[in-house]
Amino acid sequence: MSLSDLKNELIYHKLEDRYLVLPATGATVGEAAKVLQVDPDAIAKSLVLNVNEQPTVLVLSGNARLDNHHFKEEFRVRPRLLPATEVQKATGYPVGGVNPIGLKNALPVYLDTSLKNLTWLYPAAGDEYHALKLTLTELITLSRPVRWVKVSK
């Protein structure tokens, strides 16, 4: 369901050529950077957290690390990753393939400031063997984030 929504969004925005099939797994930032031959920072990793009992998608650059203090200042709760068994139910994507576009449920999406200076971003696209190549502007247009946050170190 959500993978077709993702593809439909790409077609609607005339970005279907940005859907990449990877020759090897890109489930982790390191694997994705290696197979795409890009800097790990260019990998746009999507974390699914439980924020006040609401699954929430947070997108950070590949090398950025979630900072507990910044997160708590921003959301008023401690960061808690959603269990892997619940990620697919909430997003429509398995862990390693979560993308902030075409989500199964209308979840809030936040973009971390660690993404701001990157020319190209490579989020996963439904599973560990697919990715997208997007500009920051395209990612913003397609993911419709609630707002920018500073939750990384």
Side-chain angles (χ1 to χ4, degrees), residues 1-13 15-16 18-22 24-33 35-36 40-68 70-72 74-115 118 120-152:
M1 178 171 149
S2 61
L3 185 55
S4 64
D5 292 339
L6 168 62
K7 288 180 178 180
N8 287 336
E9 276 289 303
L10 294 173
I11 291 167
Y12 178 79
H13 291 281
L15 296 171
E16 57 269 22
R18 304 295 184 79
Y19 187 79
L20 308 174
V21 178
L22 307 181
T25 183
T28 67
V29 169
E31 291 169 348
V35 75
L36 290 164
D41 269 337
I43 305 302
K45 64 182 173 188
S46 296
L47 303 178
V48 185
L49 296 108
N50 187 341
V51 177
N52 298 318
E53 302 307 316
Q54 166 70 54
T56 301
V57 178
L58 177 62
V59 186
L60 302 95
S61 72
N63 282 328
R65 298 290 172 246
L66 195 57
D67 181 277
N68 289 340
H70 289 313
F71 188 91
K72 192 167 184 181
E74 199 64 60
F75 294 101
R76 304 291 180 230
V77 294
R78 294 183 64 204
R80 286 189 349 208
L81 287 173
L82 204 63
T85 55
E86 294 179 34
V87 169
Q88 188 157 3
K89 288 180 201 170
T91 66
Y93 302 122
V95 171
V98 175
N99 183 296
I101 304 160
L103 296 167
K104 178 179 178 180
N105 297 297
L107 305 179
V109 174
Y110 294 87
L111 301 180
D112 183 69
T113 57
S114 61
L115 300 168
L118 299 167
W120 290 103
L121 298 167
Y122 298 85
D127 63 30
E128 68 272 19
Y129 291 98
H130 296 91
L132 299 176
K133 180 180 181 180
L134 301 171
T135 65
L136 181 57
T137 301
E138 291 164 345
L139 179 66
I140 292 167
T141 299
L142 294 169
S143 67
R144 298 184 273 294
V146 173
R147 63 184 160 86
W148 284 98
V149 294
K150 170 64 173 143
V151 295
S152 64

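Nothing fancy with the numbering, it's 1 onward along the sequence. What's counted below: heavy atoms across the whole structure, side chains too, no hydrogens, waters or symmetry copies.
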*Is the shortest heavy-atom distance from the side chain of Pro94 to the side chain of Val87 under 4.5 Å?*
no
*Check: Leu121 and Val59 side chains under 4.5 Å, non-hydrogen atoms*: no
Approximate separation, where rounding is to 0.5 Å, of [X] [atom1] and [Y] [atom2]:
| X | Y | atom1 | atom2 | value |
| --- | --- | --- | --- | --- |
| Leu142 | Leu10 | CG | CG | 6.5 Å |
| Leu47 | Leu82 | CG | CG | 11.0 Å |
| Phe75 | Asn52 | CZ | CG | 10.0 Å |
| Ser46 | Leu107 | OG | CG | 11.0 Å |

Holding to salt bridge (Lys or Arg N to Asp or Glu O under 4.0 Å), I want the full list of residues that pass it with [X], two or more places apart in sequence or in another chain.
| X | result |
| --- | --- |
| Glu128 | none |
| Glu9 | Arg144 |
| Arg76 | none |

Could you list the donor-acceptor pairs under 3.5 angstrom formed between side-chain atoms of residues 130-140 and any protein atom two or more places apart in sequence or on another chain?
| residue | atom | partner | partner atom | Å |
| --- | --- | --- | --- | --- |
| His130 | ND1 | Asp127 | OD1 | 2.8 |
| His130 | ND1 | Asp127 | OD2 | 3.3 |
| Thr135 | OG1 | Glu138 | N | 3.1 |
| Thr135 | OG1 | Glu138 | OE1 | 3.4 |
| Glu138 | OE1 | Arg18 | NH1 | 2.5 |
| Glu138 | OE1 | Thr135 | N | 2.9 |
| Glu138 | OE2 | Arg18 | NH1 | 3.3 |
| Glu138 | OE2 | Arg18 | NH2 | 3.2 |

*What pairs with Asp112 under side-chain hydrogen bond (donor to acceptor under 3.5 Å, both in side chains), at least two apart in sequence or on another chain?*
Ser114, Ser152
*Among pairs that include at least one residue of residues 52-67, which meet salt bridge (Lys or Arg N to Asp or Glu O under 4.0 Å), considering only residues two or more places apart or in two chains?*
none
*Run the numbers on Phe71 and Val51 for side-chain contact (heavy atoms from CB on, under 4.5 Å), then give the verdict.*
CA-CA 10 Å; Phe71 188 91; Val51 177; 3.8 Å; yes
